[in-house]
Amino acid sequence: MKNLIQPIKGTREFYPEQMALRNFIYEKVRAVSQAFGYQEWDGPYIESIDLYAAKSGEELVKKQSFVFEDRGGDLVALRPELTPSLARMIAARQNELTFPLRWWSFGPFWRYEQPQKGRSREFFQWNIDLLGVDSPEADAELIAVAAAFLRSVGLDPRRTAVFVNNRRLMDAQFDALDIPHEKRLEISNLIDRRSKMDSAKWDANALELGLNEKQLDAMKNVLGDYDLWKKNEELVRLFAALEALGVKEYVQFDPNIMRGLLYYTGTVFEAFEISGSLKRAILGGGRYDNLLADVGGQPLPAVGFAMGDVVIGIILQESGLVPEFHPSPASVLVTVFDESMLAKSYALSSTLRRAGVNVMVYPEPARLQKQFKFADKMKLRIAITIGPDEAEKGQVAVKDLKSGAQQIVPEDAAVEFVGHLLESQ
RNA sequence: GUGCCUGUAGCUCAACGGCAGAGCGCCACACUGUGGAUGUGGAUGUUGUGGGUUCGAAACCCAUCAGGCACCCCA
């Protein structure tokens with residue numbers, strides 16, 4: 001045991017129970033995506049480093065990507081995000097695709113980070129994007145998709161919320177405060193961290209970045225003004241659309257949401273658990289209208305978001321929202337009484353399978369006690385035994401493991417009897 | 001890359017300089033044609049690794065590896 005080679009730091013091992021959670025998230029993601037008419041797609045898992053160097057932030061490419069040299073000497077990266085692949089694939093077929101385009105994807109990504117709660121180096125991410133429409137209503141649709149997902153997994157508005165802001169609105173505030181353009185990125189990053197820092201320290205940092213006292217006070221007024229959205233026509237329309245879409249109770253305006261990524265141009269949003277142990281975004285996204293042109297395509301407006309599987313997985317578990325784990329997909333165990341009964345047991349299992357029942361056969365003769373214990377641990381519904389007594393009369397013993405009742409039925413009636421038992425939940 | 005914390009049985013942990021233990025789980029039996037409950041018994045460890053201090057180290061010191069948490073960044 002001590003000599004096991006350890007898995008690579010930050011990678012994920014999905015034992016059946018974790019796999020069930022991953023599949024649960026995937027199923028919910030798919031259902032919501034399809035409910036809004038989005039098409040599933042995927043890109044390559046490895047890409048040339050150049051794809052990211054063109055537009056992703058330096059941090060993401062240089063420090064957070066798994067980069068290596070292939071046998072031809074080219075630098076390739078395990079994809080740290082999907083949007084550049086999306087932009088390229090769309091640009092390559094821009095004249096043949098039918099817009100507006102609604103695409104979603106769920107697949108693995110890699111980032112070289114320090115693993116900690118809510119963060120691993122290998123993770124699955126849901127990406128969903130609407131391309132070709134530039135309107136607050138399109139932004140609202142994506143936020144509605146996010147809210148619909150939260151609702152579908154059982155997270156209600158008391159527990160989770162989507163916080164919305166708008167980059168253009170904030171830029172107008174920066175203009176009004178005479179904050180120079182070259183400082184806005186750092187100040188935005190600082191605003192992003194505001195909820196995690198104590199206020200005195202935050203103030204000190206802001207002054208250090210070059211704000212004067214007057215600007216700092218005015219900035220704090222802006223960041224505390226939760227009615228600021230009423231001054232922005234885009235946000236007024238956005239909230240009207242959210243109300244019509246039936247998700248308004250999930251959404252709040254918050255001027256402190258900035259988001260680090262450089263390419264956002266308008267609406268930005270992030271979903272959080274309101275009172276949980278985790279101060280990490282469940283999902284985040286926004287409008288990015290310049291990206292297609294940046295990678296060499298025709299200009300194309302776009303809005304989308306991404307959700308990692310790690311944070312939502314922790315929240316679902318901590319909230320008790322993960323469905324009960326069923327160790328085995330089978331509902332029936334056919335026991336093996338002894339060597340001479342092996343063939344009969346296999347034959348019965350085959351008959352049941354052809355009738356559409358998921359069936360396991362105990363793989364060797366063993367004490368029935370052991371076999372029933374196994375069936376119990378695997379949470380199977382039914383155990384069937386064919387011993388000498390049954391075999392002699394052409395019968396089988398069917399036991400309902402939930403009620404404990406066992407019934408002897410003719411062999412050729414077994415399929416029907418098992419079917420009834422399984423239907424009776 | 002920086003800081004703090006933790007590595008003891010399959011799991012959760014105790015022992016904090018003096019014989020390495022408990023609970024859960026596992027296996028067997030009570031009960032050789034039937035699971036969940038109960039009882040009895042049993043197996044499992046180079047105490048992460050390497051070195052040092054000491055009559056004596058799981059414990060103290062150094063190094064190293066691994067993990068967790070936070071910073072950074074972000075899904």
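Just so you know, these numbers come straight off a predicted model, no measurement behind them.
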Considering only heavy atoms and no angle criterion, is a donor-acceptor pair shorter than 3.5 Å present between the side chain of [X] and the base of [N]?
X: A:Asp376; N: B:G36; result: no
X: A:Glu390; N: B:G33; result: yes
X: A:Gln406; N: B:U34; result: yes
X: A:Glu113; N: B:A75; result: yes
X: A:Lys399; N: B:G35; result: yes

Measure [atom1]/[X] against [atom2]/[N] and give the value in whole Å, please.
X: A:Leu86; N: B:A75; atom1: CG; atom2: C1'; value: 16 Å
X: A:Arg22; N: B:A75; atom1: CZ; atom2: P; value: 21 Å
X: A:Lys9; N: B:G48; atom1: NZ; atom2: C1'; value: 15 Å
X: A:Arg111; N: B:C73; atom1: CZ; atom2: C1'; value: 9 Å
X: A:Arg280; N: B:C74; atom1: CZ; atom2: P; value: 12 Å

key: Proximal nucleotide (of B:C73, B:C69, B:G36) relative to the A:Lys373 side chain   =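 Among B:C73, B:C69, B:G36, the one nearest the side chain of A:Lys373 is B:G36.
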message = Checking ring pair (Phe, Tyr, Trp, His ring centres under 6.0 Å) between A:Trp126 and each of A:Tyr26, A:Phe106, A:Phe305, which is the one that passes?
response =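 Option passing the ring pair (Phe, Tyr, Trp, His ring centres under 6.0 Å) with A:Trp126: A:Phe305.
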query = Considering residues, nucleotides and ligands other than A:Glu392, do more than 12 of their heavy atoms fall under 6.0 Å from its CD?
reply =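 No, the 6.0 Å shell around CD holds no more than 12 heavy atoms from other groups.
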ask   = Does the side-chain ring of A:Phe109 lie flat on the base of B:A75, meaning centres under 5.5 Å and planes less than 30 degrees apart?
value =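 So A:Phe109 does not count as stacking on the base.
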query = Counting only Watson-Crick or G-U wobble pairs whose two distances fall under 3.5 Å, which nucleotide matches B:G3?
reply =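 Base-paired to B:C69.
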request  = With A:Arg121 as the cation and A:Tyr112 as the aromatic partner, state whether NZ or CZ is under 6.0 Å from the six-membered ring centre and within 45° of the axis.
outcome  =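 The answer is yes, since A:Arg121 meets both limits relative to A:Tyr112.
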Ionic contact status for A:Asp203 with A:Arg194, cut-off 4.0 Å =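 Between A:Asp203 and A:Arg194 there is no salt bridge, as every charged N stays at least 4.0 Å from the carboxylate O atoms.
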message = With a 4.0 Å limit, can you tell me whether A:Lys370 has a side-chain N or O closer than that to the phosphate oxygens OP1/OP2 of B:C27?
response =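 So the side chain of A:Lys370 is outside the cut-off, no N or O lying under 4.0 Å from OP1 or OP2 of B:C27.
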